[in-house]
K.L.:
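Take this structure first; my questions come after.
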Amino acid sequence: MTFDTLLFAIENNTAIITINRPDKLNALNKNVFDDLDKAVDAVNENPEIHSALITGAGSKAFVAGADITEFGSLSIVEARQLSERGQQVFFKIENSPKPFVAAVNGFALGGGCELAMSCHFRIASENAKFGQPEVNLGLIPGYGGTQRLVQLIGKGKAMELLMSAHMIDAAEAKQLGLVNYVTTADTLLEHTKKILDIINSKAPLAVAGCIKTANAVFDETKDGYALEIEEFGNTFVTDDMKEGTAAFLEKRKAVFTGK
Ligand code: COA
């Protein structure tokens, strides 16, 4: 698959999606959102792909935010549409049945931090920096940042970061639970791919069930415990459940088919 603003490759059943505007620190313009939207569909529709890794091109930035040059003189309606479009694409990532992991290789600011937070978890290189600097521009985050930052690091710290535009480094992001691991810049992709290789070896429908039920914690329209009962039952009648339990009893490695 080819895109104007993304690189898209498949390695060991993982889609490697690289936001590719390094001269603009991978800022998210309309084209990036259109390409990301299609790339997520491509991941979801391709049975060869079990998971996806999102990173940024170059050594400096994951994504330095929404493309500020597109803010121009948007009307209130257009600004709301911009926010809605960003939220829509990031919801698609968050609700994908396949794991999306952000490999954060530098600045993850504004929309970049929001993109990383829409992924199922995050791994950062030592030079990564996170922040929601929108108040510097007289704005608030528009792509889910006010919600997901609170979900991930708690209200008090999130409020401070949102209101102060303070940037945090990778070590603090790990301490706050925003990222799971911090690696050197050289080993970031390798480390992330290794984790995804492990997840790729598990039963895909069970992995999808984990995503769906864990996401329900933050969805007021859903009863997460009821959904867990439903999904638990669904996994019980899959071929992969039969294979997984048989393999355990026969002391061999399970071979899952995603059925
Ligand atoms: N939108 C559009 N262009 C951006 C951008 C953004 N969010 N972030 C960086 N760029 C562009 C710069 O304008 C510059 O382009 P130019 O070379 O054509 O002038 C290029 O990327 C390199 O950025 P620069 O600012 O020169 O790099 P730096 O190392 O001095 O600073 C940052 C890095 C990340 C601190 C700085 O670019 C920055 O503050 N970016 C905006 C962050 C932000 O507010 N994001 C939230 C947006 S809602």
Side-chain angles (χ1 to χ4, degrees), residues 3-7 17-37 39 54-91 93-94 102-119 122-153 157-173 176 178-179 182 185 188:
F3 298 95
D4 286 345
T5 65
L6 305 178
L7 303 175
I17 299 169
T18 308
I19 316 285
N20 192 27
R21 300 182 73 213
D23 53 327
K24 298 295 175 195
L25 304 188
N26 304 317
L28 303 173
N29 63 13
K30 185 182 174 307
N31 294 342
V32 178
F33 274 112
D34 289 346
D35 284 348
L36 253 182
D37 196 358
I54 300 185
T55 193
S59 56
K60 203 168 160 182
F62 172 70
V63 166
D67 191 323
I68 298 169
T69 63
E70 285 189 345
F71 288 178
S73 52
L74 297 185
S75 67
I76 188 168
V77 172
E78 289 165 332
R80 284 177 179 162
Q81 285 166 346
L82 183 74
S83 170
E84 209 174 341
R85 172 68 176 147
Q87 287 196 8
Q88 181 192 47
V89 176
F90 290 178
F91 271 132
I93 292 172
E94 186 170 54
V104 181
N105 58 316
F107 289 112
L109 302 176
C113 190
E114 291 170 299
L115 170 61
M117 292 194 293
S118 74
C119 292
R122 291 139 292 283
I123 298 172
S125 58
E126 286 160 345
N127 65 324
K129 294 256 187 314
F130 296 81
Q132 296 290 160
E134 286 85 352
V135 289
N136 289 334
L137 304 169
L139 296 171
I140 68 165
Y143 306 154
T146 60
Q147 306 302 295
R148 293 193 182 97
L149 194 62
V150 173
Q151 291 168 6
L152 286 164
I153 69 171
K157 196 66 196 177
M159 283 285 195
E160 182 196 337
L161 296 187
L162 291 166
M163 294 190 286
S164 67
H166 175 62
M167 246 190 256
I168 58 171
D169 63 15
E172 189 173 357
L176 291 171
L178 188 56
V179 307
V182 178
L188 174 67

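Only this structure's heavy atoms are used, side chains among them; waters, hydrogens and symmetry mates stay out. Numbers here simply count residues along the sequence, with the first being 1. Read the numbers this way: they start at 1 and go in the same order the structure lists the ligands and their atoms.
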K.L.:
Among all protein heavy atoms, pick out the one at the shortest distance from atom 24 (P) of ligand 1; state its residue, atom name and that distance to 0.1 Å.
P.N.:
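Of the protein heavy atoms, Leu25 CD1, 4.5 Å lies nearest.
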K.L.:
Between Ala66 and ligand 1, does any nitrogen or oxygen pair lie at a separation below 3.5 Å?
P.N.:
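Ala66 vs ligand 1: N/O contact under 3.5 Å present.
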K.L.:
Only heavy atoms of Phe107, strictly under 4.0 Å: list the atoms of ligand 1 that pass.
P.N.:
33 (C), 34 (C)
K.L.:
Can you sort out which atoms of ligand 1 are near Ala27, meaning under 4.0 Å from one of its heavy atoms?
P.N.:
1 (N), 2 (C), 6 (C)
K.L.:
Do protein heavy atoms approach atom 26 (O) of ligand 1 to less than 4.0 Å?
P.N.:
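Within 4.0 Å of atom 26 (O) of ligand 1, no protein heavy atoms are found.
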K.L.:
Holding to side-chain hydrogen bond (donor to acceptor under 3.5 Å, both in side chains), I want the full list of residues that pass it with Lys129, two or more places apart in sequence or in another chain.
P.N.:
none
K.L.:
Please output the side-chain donor-acceptor pairs of residues 106-119 that fall under 3.5 Å, not counting sequence neighbours, one pair per line with the distance.
P.N.:
residue, atom, partner, partner atom, Å
Glu114, OE1, Gly111, N, 3.4
Glu114, OE2, Gly142, N, 3.4
Glu114, OE2, Tyr143, N, 2.8
Glu114, OE2, Gly144, N, 3.4
Glu114, OE2, Gly145, N, 2.8
Ser118, OG, Leu115, O, 2.8

K.L.:
Look at atom 48 (S) of ligand 1 and find which of Asn136, Asn29, Leu137 reaches it with the closest heavy atom.
P.N.:
Leu137
K.L.:
Lys24 versus ligand 1: do any nitrogen or oxygen atoms come within less than 3.5 Å of each other?
P.N.:
yes
K.L.:
Using non-hydrogen atoms of the residue, decide whether Asp23 is closer than 4.0 angstrom to ligand 1.
P.N.:
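Yes, Asp23 has heavy atoms under 4.0 Å from ligand 1.
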K.L.:
Does Arg148 make a cation-pi contact with Phe91 (under 6.0 Å, within 45 degrees of the axis)?
P.N.:
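Because its charged atom sits under 6.0 Å from the ring centre and within 45° of the axis, Arg148 does stack over Phe91.
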K.L.:
Any non-hydrogen protein atom below 4.0 Å of atom 18 (O) of ligand 1?
P.N.:
yes
K.L.:
In ligand 1, which numbered atoms sit nearer than 4.0 Å to a non-hydrogen atom of Asp67?
P.N.:
1 (N), 2 (C)
K.L.:
So is there a nitrogen or oxygen of Ala64 less than 3.5 Å from a nitrogen or oxygen in ligand 1?
P.N.:
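Ala64 vs ligand 1: N/O contact under 3.5 Å present.
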K.L.:
Is Arg85 salt-bridged to Asp34, cutoff N-O under 4.0 Å?
P.N.:
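Counted as a salt bridge, because a side-chain N and a carboxylate O are separated by less than 4.0 Å.
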K.L.:
Closer than 4.0 Å and a protein heavy atom, does any atom meet both conditions relative to atom 31 (O) of ligand 1?
P.N.:
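When distances to the protein are checked, atom 31 (O) of ligand 1 has no heavy atom within 4.0 Å.
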K.L.:
Give a yes/no verdict on whether any heavy atom in Lys60 is under 4.0 Å from an atom of ligand 1.
P.N.:
yes
